[in-house]
Amino acid sequence: MKTALSFICVFLISFIASFSAAFYKKNSYHSVPPYPVQDFSSLHQSKLKYACTATLTGNECVGSELLVTSNSAIAGISWLLDDVSILEQSNVKQNNGIIVAGGNGSGSAPNQLYNPNRIFVDKAGNIFIPDMANNRVQKWAPGATVGITVAGGNGTGNSSNQFNRPTAVAVDGLGNLYVVDQSNSRVQKFSPGATSGITIASSLILPTGICIDAQNNVYVSEQNGQLVRKYSAGTGPGIIVAGGNGYGSAANQLAAPTGLFIQDNNLYICDTDNYRVQKWIIGANTGTTVARTSGNPLGVYVDGSKNIYVSDYTGYAVLKWLPGANSGSIIAGGNGQGNAPNQIMPTGIGMDAFNNLYVSDFLNGRIIKFSNIFTGTYTTLKAGTYRAKITTTDGCTTISNPITVSENLLPKITISADRDVLCDHFQPIFTAVTVNGGANPVLQWQINGRNIPGENNDTFSPNNLTSTDVVTCNLTSSETCVTSRLVPSNSISLSSQVTEAPGVTIQTDQSTTCKGALIKFKATATRAGEKPIYKWKINGNDVGIDSDILELDDLEDKDQVSCTVVSNAQNCQVSTTAESNAIIVRINPILTPTVSIESDISKIYSSSTVNFTATTTNEGTNPEYQWFVNGIPTGANSRFFSKNNLQQGDQVTCELTVTTPCSSTNSVSSNTIDINITIVVKIKPANAFSPNGDGVNDLWQIADLKSFSNCQVSIFNRYGNLVFFSKGYEHPWAGNYQGNTCPPGVYYYVINLDGQQTLTGSLSIIK
């Protein structure tokens, strides 16, 4: 029990810092000796007697780790991508870390930390820090100068928004934050954005470490319980998955378990008082030692290449074990206690997607980032051809063999069912579609999470499936490079048969058309089985056609078309028939357009202006008119047309272009008007008229004077005063002067016909 109690004092260093180093060295932290470190110095001479070699190994996928080895000790490495140097390394431990959180003295300000413990780093480099002495959890984004409080920060206590010594944090795939609240003997879960947590585990015996696997199962170490518990999907009760056999150093025992890490069903446990890291396969009864330290291991991390990183608190260093190695090498710290960037007292460790190492420096109140921690290894970040150029300690330089690395593909599987509802005698067929499954993908269909033996094809026809069953399918990709080889599909649950009824809708390519045109109707049935029967109706009367297509050319205006579908899936439905919507068609009659023309005068002189008018039927909304004189187009687009100087024998016609939707023809021609010019031989004006308003002989009409369109007519009274003048004689004299009726009597006229012929005479007004 002395060693167990001594470890508890590790955490009291935050309050009694002056006793830290002496305390850990004085109390028996070396009872389990570390693996011996072999000395290979005798293999190297001051000068090589043979050429150095460089051999590059590793797999061919982005994110994998490449390892370079040589027949001589390596002093420096230049990593090449497509023959361009991307990283220079020297074969020494990394001591040049940078502070990325805290580092402003111990305190509670946003830019300070006080005893940061076991951190969690996500792939983007966000750091979640259990700020233990401040009883809060701080989140520091990459490049931030201050942290934000995402949990706690409300003083010491046991309320849902308080902590008492938070020692470790973890974040699951849904963004939920889990906090080990040590002195409250519990684990709190905070949903994204929540300010208060819910307790998922309680009555724990000094809980210290936490980790979460890919299925969101939560693992918690109980430092004084000498065990690790698993909480399935983050809910209780917890079950013991490691230890639980008392304090000790046997393979089935633990002594003060603290830091945890889970990868591929392997649980890595910092067995602190035994100075070792145990690898415990989930379900096993014993663990295997994969790393030993000279001091107290408090944090552990395993990268994608199975390299193990351990924070040695009292050794002031972070060590790295290659897969299967008997000893680890210091890659950060190892320079004693202090507050220089290369001096640390590490508790928690983590890595981002670029294999940058983050270390919580407990007593110095800071998080330090060590960029690209490699000793002869490089984790690929891009696709391309990689080589390693090495320089040995003897001064020899050579370039390794190439390894071509490919991008990781994202496998995906999507399943669908051929129906929406479930029937006892009409079972569904499920189909799986895969992406990036490789040449030989492996499928495994499941019902309610249980594998169905022998169901490995891309289609699946279950027996006796019920509405409570959930169907899924797992894909194991055979591609060489994938983000995850095993991926699950979406899940499908089908509703029971009582919710289903057939349905049918119809649509047409044209609901308004012309008489005699072919109209096509299309019926779409749903939930009607594989071979439903279609019964088309016109105005409620069956037309005797069993097809989802109906074509008719004899419909009448306002006919109503509908369809009844008869389902053949009777075992799965509450009814067997369904009525469609009704479509009322509009049938327009076929119209024949006409056009006829007439002139405004029947007696035409050579100088007459003749006005023609077109009269139309069924012409549409925007008809077009084209007038012709002797077949030559003339005139504007109008139903009215005027023409002067017509010649004897001219022919006037009009062509009408219609816009009627249903017309028997697009254009039609009018009748022809033949022009007959009246030739005037002699003008004989009347010698009297009676403008008394009785409608008889009220105007002095002069027949045929229209032949002389430019004639000038002057009328004088007996005193020689001009009482009427007209150029042309379009408006005959009505026997008035300046608005007054002229008195009866004799008047005299002078008519200049064409500038050469003049007519004179007397005119009597009789009343």
Side-chain angles (χ1 to χ4, degrees), residues 48 50-94 96 123-125 263-264 301-309 320-325 329 331 351-357 369-412 434-441 476-487:
L48 287 175
Y50 50 87
C52 58
T53 62
T55 303
L56 191 62
T57 58
N59 71 39
E60 300 172 350
C61 305
V62 169
S64 64
E65 190 172 69
L66 304 179
L67 172 67
V68 61
T69 57
S70 176
N71 59 351
S72 185
I74 299 175
I77 306 171
S78 176
W79 292 97
L80 307 177
L81 172 58
D82 296 331
D83 295 325
V84 176
S85 178
I86 55 174
L87 180 66
E88 300 289 336
Q89 294 178 314
S90 58
N91 193 23
V92 296
K93 61 188 178 182
Q94 170 62 270
N96 297 316
K123 295 300 182 183
Q263 184 189 79
D264 298 335
Y301 187 95
V302 182
D303 67 17
S305 299
K306 310 300 182 184
N307 299 304
I308 303 172
Y309 303 81
K320 174 181 178 181
W321 275 261
L322 298 176
S329 58
I331 59 170
M351 278 188 173
D352 61 17
F354 301 97
N355 284 64
N356 297 308
L357 179 70
K369 172 183 175 181
F370 297 87
S371 299
N372 291 317
I373 305 302
F374 300 109
T375 52
T377 62
Y378 178 78
T379 300
T380 58
L381 303 177
K382 296 180 179 179
T385 299
Y386 288 82
R387 300 173 188 266
K389 179 180 180 181
I390 68 165
T391 301
T392 68
T393 56
D394 302 288
C396 177
T397 299
T398 189
I399 297 178
S400 74
N401 56 292
I403 290 182
T404 300
V405 173
S406 302
E407 290 285 0
N408 289 308
L409 301 175
L410 177 64
K412 183 179 180 181
T434 62
V435 177
N436 295 327
N440 298 294
T476 302
S477 175
S478 64
E479 290 284 1
T480 302
C481 297
V482 290
T483 55
S484 176
R485 197 159 299 282
L486 177 65
V487 292

Task: Shortest non-hydrogen contact from N307 toward P323 - done: OD1-CD, 3.1 Å
TODO: Please name all residues satisfying side chain to side chain contact (heavy atoms under 4.5 Å, CB included) with L410, sequence neighbours left out, ordered by chain then number.
DONE: T483
Task: Pair I77-Y378, side chain to side chain contact (heavy atoms under 4.5 Å, CB included): steps then yes or no - done: CA-CA 10 Å; I77 306 171; Y378 178 78; over 6 Å; no
Task: Side chain to side chain, V487 and K412, heavy atoms closer than 4.5 Å - done: no
- [ ] Can you measure from CD1 (I308) to CG (D303) and round to the nearest 0.5 angstrom?
- [x] 9.5 Å
Open item on the list: Looking at every non-hydrogen atom in both residues, tell me the closest pair between G438 and S477 and how far apart they are.
Closed with: N-OG, 4.1 Å
Task: Student check: side-chain heavy atoms of F370 and I331 closer than 4.5 Å - done: no
Task: Atom pair NZ (K369) and CG (D352), whose distance is rounded to the nearest 0.5 Å - done: 6.0 Å
Task: Heavy-atom check, side chain of L357 versus side chain of M351, under 4.5 Å - done: yes
Open item on the list: What I'd like to find out is whether the side chain of T404 reaches to under 4.5 Å of the side chain of E60, using heavy atoms alone.
Closed with: no
Task: Heavy-atom pair with the smallest gap, counting every atom of S78 and S85 - done: OG-OG, 3.1 Å
TODO: Looking only at non-hydrogen atoms, find the nearest pair between Q263 and V302 and report the distance.
DONE: NE2-O, 3.3 Å
- [ ] Heavy atoms only: give me the nearest V68-A388 pair and the separation to one decimal.
- [x] CG2-CB, 3.9 Å
TODO: Start with the C-alpha gap between N408 and V482, add the side-chain angles, then the distance that decides, and say whether side chain to side chain contact (heavy atoms under 4.5 Å, CB included) holds.
DONE: CA-CA 4 Å; N408 289 308; V482 290; 5.7 Å; no
Open item on the list: Restricting to non-hydrogen atoms, name the atom on S484 and the atom on P411 that form the minimum distance, rounded to 0.1 Å.
Closed with: O-CG, 3.2 Å
Open item on the list: Run W79 and L56 through side chain to side chain contact (heavy atoms under 4.5 Å, CB included) and show every step you take.
Closed with: CA-CA 11 Å; W79 292 97; L56 191 62; 3.5 Å; yes
Open item on the list: Measuring from atom CG of N59 to atom CD1 of I403, what distance do you get when rounded to the nearest 0.5 angstrom?
Closed with: 8.5 Å
Open item on the list: Distance check, rounded to the nearest 0.5 Å: N440 atom CG versus T476 atom OG1?
Closed with: 12.0 Å
TODO: Give, for atom OG of S400 and atom CG of L67, the distance between the pair rounded to the nearest 0.5 Å.
DONE: 10.5 Å
Task: Separation between OH of Y386 and OG1 of T380, rounded to the nearest 0.5 Å - done: 5.0 Å
TODO: Report yes or no: does T398 contribute a side-chain atom to a donor-acceptor pair with the main-chain N or O of T53 at less than 3.5 Å?
DONE: no
Open item on the list: Counting C-beta onward and ignoring hydrogens, is there a side-chain heavy-atom pair between C61 and T480 closer than 4.5 Å?
Closed with: yes
TODO: Identify whether the distance between the nearest side-chain nitrogen and carboxylate oxygen of K306 and D264 falls below 4.0 Å.
DONE: yes
Task: Main-chain N/O of E65 paired with T377 side-chain donor or acceptor, under 3.5 Å - done: no
Open item on the list: Using modelled atom types and a 3.5 Å cut-off, is there a donor and acceptor pairing between side-chain atoms of D82 and backbone atoms of T385?
Closed with: yes
